[in-house]
Protein chains: 2
Amino acid sequence: MSERKPRAGQSRTTLSDVANHIGVSAITISRALNKPELVSEALRQRIDDAVQLLGYVPNRAARALASAKSHSVVVLVPSLSNTVFVDTLAAIHDTLHPAGYQMLIGDTRYSPQAEEKLLRTYLEYNPDGILITGFDHTPTAQTLLQTAAIPTVHMMELAEQGDSPCVGFSQYDSGYALTRFLLDKGYRRIAFLAAQLDPRTLKRGEGYRAALREAGLYQPQRELAEASPSSVGLGSRLLDRLLLQAPDCDAVFCNNDDLALGVLFQCQRRQIAIPQQLAIAGFNGLDASAWSNPSLTTVDTPRYDIGKAAASMLLQLMAGKTPVATRVDLGYQLLARDST
Amino acid sequence: MSERKPRAGQSRTTLSDVANHIGVSAITISRALNKPELVSEALRQRIDDAVQLLGYVPNRAARALASAKSHSVVVLVPSLSNTVFVDTLAAIHDTLHPAGYQMLIGDTRYSPQAEEKLLRTYLEYNPDGILITGFDHTPTAQTLLQTAAIPTVHMMELAEQGDSPCVGFSQYDSGYALTRFLLDKGYRRIAFLAAQLDPRTLKRGEGYRAALREAGLYQPQRELAEASPSSVGLGSRLLDRLLLQAPDCDAVFCNNDDLALGVLFQCQRRQIAIPQQLAIAGFNGLDASAWSNPSLTTVDTPRYDIGKAAASMLLQLMAGKTPVATRVDLGYQLLARDST
DNA sequence: TTGCCGAATGTTAGCGCTAACCTTCGAGCA
DNA sequence: TGCTCGAAGGTTAGCGCTAACATTCGGCAA
């Protein structure tokens with residue numbers, strides 16, 4: 001009578017190993033580790049010692065399977081290399097990790113299709129919650145999100161309709177406000193430079209356009225957009241192109257501080273006096289913009305706080321509680337500096 | 001005779017649901033999805049249709065438990081908000097994701113203690129591989145890594161002894177080379193500004209010191225280090241402090257392009273001509289350094305390639321293969337520009 | 001003394017999947 | 001004709017953990 005071969009080699013120490021070691025049942029060990037208050041002080045101490053001694057490390061997969069909870073959260077951002085999202089990610093990490101949640105980070109590369117694919121993949125992990133950027137999803141992705149019925153918080157933008165939980169600020173308003181600020185300063189021929197044409201960039205552009213149209217000063221040739229990622233070098237190049245197609249500009253609204261810095265450097269090279277001949281405004285409040293010469297006017301965005309608030313809201317939702325607010329507008333801050 | 005209550009509510013579609021639907025056994029569905037070549041064309045098609053129809057999503061936890069493979073890789077970096085590591089992370093993502101591996105990203109905040117804690121936590125996920133930054137680990141962490149016997153690749157630095165798999169470049173050499181370059185250019189009173197005193201920064205500092213000592217030109221008061229994170233603002237402040245304690249410097253080696261940019265801006269403010277009165281060199285080859293006025297001499301480091309190579313090597317190791325090389329030196333590139 | 005209660009621990013049965021071995025069946029060959 | 005062989009699919013038994021219910025036992029009110 002041949003015995004069947006058991007699975008695999010000698011694996012790690014398991015719960016039952018610990019249980020056998022001190023002569024109790026496995027469930028007691030489980031309880032001692034997860035709900036210590038259910039186990040008597042003395043026994044708990046013995047268990048802790050045995051865990052230490054045997055070097056027991058729980059197996060998350062088994063726990064997830066048995067409890068139907070993965071203690072993981074999917075986080076989908078458009079880019080891993082953009083400071084904007086990195087700050088938000090850091091905040092999410094800082095909030096979720098202490099609460100015992102693992103982040104599953106996905107980089108959608110600004111593509112709703114890629115996002116849909118990632119979402120599908122990550123649903124296999126049976127996440128307890130989802131943090132997703134914006135509202136620009138494919139119909140299939142929206143269906144996936146709905147049918148999965150997993151608590152979800154949208155970041156960076158605010159829902160324009162419906163009551164999806166969201167944390168962010170109005171991209172449109174911020175674009176409008178910065179343009180309005182330039183108008184109030186007396187600038188009349190204001191250009192707009194944009195890169196990485198994601199929905200948030202586009203909404204800021206709409207704000208820009210609306211403000212200028214209101215003032216009767218909108219001119220399409222003063223708008224310049226490029227789909228490639230934002231960078232300092234691109235800012236320099238875009239300025240050259242702008243001055244070709246609209247040489248009479250008196251101010252430039254750059255959709256990103258990277259671009260603004262590039263524009264600034266290029267102006268220095270072309271001996272264009274800032275802000276006398278040309279005013280420059282950036283966006284996002286990056287560190288460098290405060291220290292350049294002249295310092296750059298910019299709109300500071302609450303990236304870290306958005307991550308913090310979104311993660312906190314998600315923790316509430318995952319705990320089955322109703323958050324105080326499911327639509328959190330964290331605003332933005334216009335920092336007027338020497339470049340305007 | 002009371003029946004025992006079954007677990008939980010109606011959960012998602014499972015393998016057996018699909019199997020029942022088309023009247024085969026569960027293992028066949030499993031095979032059709034994981035090793036399609038073992039299932040006949042016709043049946044496979046029917047299975048694919050049923051999967052689609054029923055909206056079946058595999059459960060990773062169950063798969064991990066049954067197969068003793070998690071298809072996940074732990075990635076530990078010192079900071080989530082430092083461009084240096086972000087580029088590396090992006091490369092790792094680009095390499096591991098297509099291969100079906102999930103990243104578990106941990107932010108050690110430059111602390112070996114925090115790293116040890118993260119490592120302990122992440123081992124619960126039974127990762128198939130580990131990517132870790134540098135070689136500066138606590139003794140306990142080293143023991144954990146050894147006893148876990150999980151393929152591990154160290155990033156950014158090169159092993160000085162032993163044969164731990166690693167991908168990076170010599171931090172010491174790069175610091176030495178940049179200093180040597182400044183000496184060759186004729187600078188004699190070269191300062192060193194550093195922030196975020198991690199092991200890599202310190203090694204570059206050693207390279208700097210060695211080069212100057214060799215030339216008989218080392219002066220401790222020309223070295224200025226600050227433990228806080230690197231930033232443009234800090235660069236400006238450090239320059240002010242440097243000029244107080246060593247006003248006669250003729251060149252500054254900044255450990256990071258952020259600092260270098262801050263120094264550059266501050267020099268502009270103080271009317272210090274660059275490179276005539278003071279030369280500036282940075283480190284890491286950030287985008288902005290190429291476009292500033294004057295453009296900044298820097299050492300370009302292969303951050304993306306390190307991530308790529310480390311992840312590839314890890315894939316090899318996880319597949320049980322022996323990589324061509326387990327010690328990959330990707331070098332660095334000195335970019336001589338106008339600031340020196 | 002009885003009976004009830006609740007704190008502490010145990011028993012049983014899966015969670016959803018796959019490793020390992022087993023069966024079936026038709027093709028190919030001597 | 002008998003045999004082998006491999007492709008295609010099935011059976012069984014867990015992986016390590018925890019939900020749900022069960023048991024034990026000392027304390028204590030009636």
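In this text the structure is predicted, and so the values were computed from the model without any measurement. Proteins come first, then strands; the chains are lettered A, B, ... in the order of their sequence lines, and each starts at number 1.
Taking atom CG on A:L15 and atom C1' on C:dC15, their separation rounds to 15 Å, with Å as the unit. Here D:dG9 presents its C1' atom at 10 Å from CG of B:L38, a figure rounded to the nearest Å. If you take CG of A:N20 and P of C:dG10, they are 12 Å apart, rounded to a whole angstrom. Straight-line distance from the CG atom of B:D17 to the P atom of C:dC15: 11 Å, rounded to whole Å. When rounded to the nearest whole Å, the span between NZ of A:K35 and C1' of D:dC17 equals 12 Å. B:I27 has its CD1 atom 13 Å from the P atom of D:dT12, to the nearest Å. The CG-P distance, from B:L65 to C:dG14, rounds to 17 Å in whole Å. Rounded to whole Å, the distance from CD1 on B:I29 to P on D:dA8 is 16 Å.
Among the protein residues, A:S25 comes within range of the nucleic acid bases, having at least one heavy atom under 4.0 Å from a base atom.
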Q: Go through the steps for A:V57 and A:R12 under the test side chain to side chain contact (heavy atoms under 4.5 Å, CB included), then give the verdict.
A: CA-CA 8 Å; A:V57 175; A:R12 301 191 308 200; 4.3 Å; yes
Q. So A:D136 and A:E115, side chain to side chain contact (heavy atoms under 4.5 Å, CB included) or not? Walk me through it.
A. CA-CA 10 Å; A:D136 184 35; A:E115 181 185 80; over 6 Å; no
Q: Apply side chain to side chain contact (heavy atoms under 4.5 Å, CB included) to the pair A:E160 and A:F135, showing each step before the final yes or no.
A: CA-CA 9 Å; A:E160 283 167 6; A:F135 289 93; over 6 Å; no
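In this structure, the side chain of A:T28 does not engage the main chain of A:V24 through any donor-acceptor pair within 3.5 Å. Between the side chain of B:N82 and the backbone N or O of B:S79 there is no donor-acceptor pair closer than 3.5 Å. Proximity of a side-chain donor or acceptor of A:R44 to a complementary backbone N or O of A:V39 within less than 3.5 Å is detected. Side chain of A:S111 to backbone of A:A114: a donor-acceptor contact under 3.5 angstrom is found. Checked by atom type and distance alone, the side chain of B:Q142 pairs as donor or acceptor with a backbone atom of B:H137 at under 3.5 Å.
Considering only the side chain of B:A66, C:dC17 comes nearest among C:dC17, D:dA19, C:dC15. Checking D:dG9, D:dC17, C:dT18 against the side-chain heavy atoms of B:T28 singles out D:dG9 as nearest.
Within residues 120-129 of chain A, no residue has any heavy atom under 4.0 Å from DNA chain C. Near DNA chain C, meaning a heavy atom under 4.0 Å away, the residues from residues 40-60 of chain B are B:Y56, B:P58, B:N59.
Remark on the helix from C:dT1-D:dA30 to C:dA30-D:dT1: inter-end axis angle 40°, axes from five-pair C1' superpositions, rounded to 10°.
Counting non-hydrogen atoms of other residues, nucleotides and ligands closer than 6.0 Å to CD of A:E37 gives a total above 12.
For D:dT18, neither phosphate oxygen OP1 nor OP2 lies less than 4.0 angstrom from any side-chain nitrogen or oxygen of A:S67.
Results of the side chain to side chain donor-acceptor pair (under 3.5 Å) test with A:Y304 over A:T88, A:D94, A:D87 single out A:D94 as the only residue that passes. Here the rule is side-chain contact (heavy atoms from CB on, under 4.5 Å) with B:L119, and of B:T140, B:T138, B:L144 only B:L144 fits it.
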Quiz: residues 125-133 of chain A side-chain donor-acceptor pairs under 3.5 angstrom, not counting sequence neighbours:
{"unit_1": "A:Y125", "atom_1": "OH", "unit_2": "B:R60", "atom_2": "NH1", "d": "3.4"}
{"unit_1": "A:D128", "atom_1": "OD1", "unit_2": "A:S70", "atom_2": "N", "d": "3.3"}
{"unit_1": "A:D128", "atom_1": "OD2", "unit_2": "A:H71", "atom_2": "N", "d": "2.7"}
{"unit_1": "A:T133", "atom_1": "OG1", "unit_2": "A:L76", "atom_2": "O", "d": "2.8"}

Only distances under 3.5 Å count here; give the side-chain donor-acceptor pairs of residues 96-108 of chain A to other protein atoms, sequence neighbours excluded, each with its distance to 0.1 Å.
{"unit_1": "A:Q102", "atom_1": "OE1", "unit_2": "B:Y122", "atom_2": "OH", "d": "3.1"}
{"unit_1": "A:D107", "atom_1": "OD1", "unit_2": "A:R109", "atom_2": "N", "d": "2.9"}
{"unit_1": "A:T108", "atom_1": "OG1", "unit_2": "A:V77", "atom_2": "O", "d": "3.4"}
{"unit_1": "A:T108", "atom_1": "OG1", "unit_2": "A:Y110", "atom_2": "N", "d": "3.4"}

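With rounding to the nearest 0.5 angstrom, the CG atom of A:L158 is 11.5 Å from the OG atom of A:S164.
Taking only distance into account, the side chain of A:R31 meets the base of C:dG10 through a donor-acceptor pair shorter than 3.5 Å.
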Please tabulate, one pair per line, each protein N/O and nucleotide N/O from nucleotides 25-28 of chain C that are separated by under 3.5 Å, including the distance.
none

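Nearest-nucleotide assignment on DNA chain D puts the 5′-proximal partner with B:G23, out of B:G23 and A:R63.
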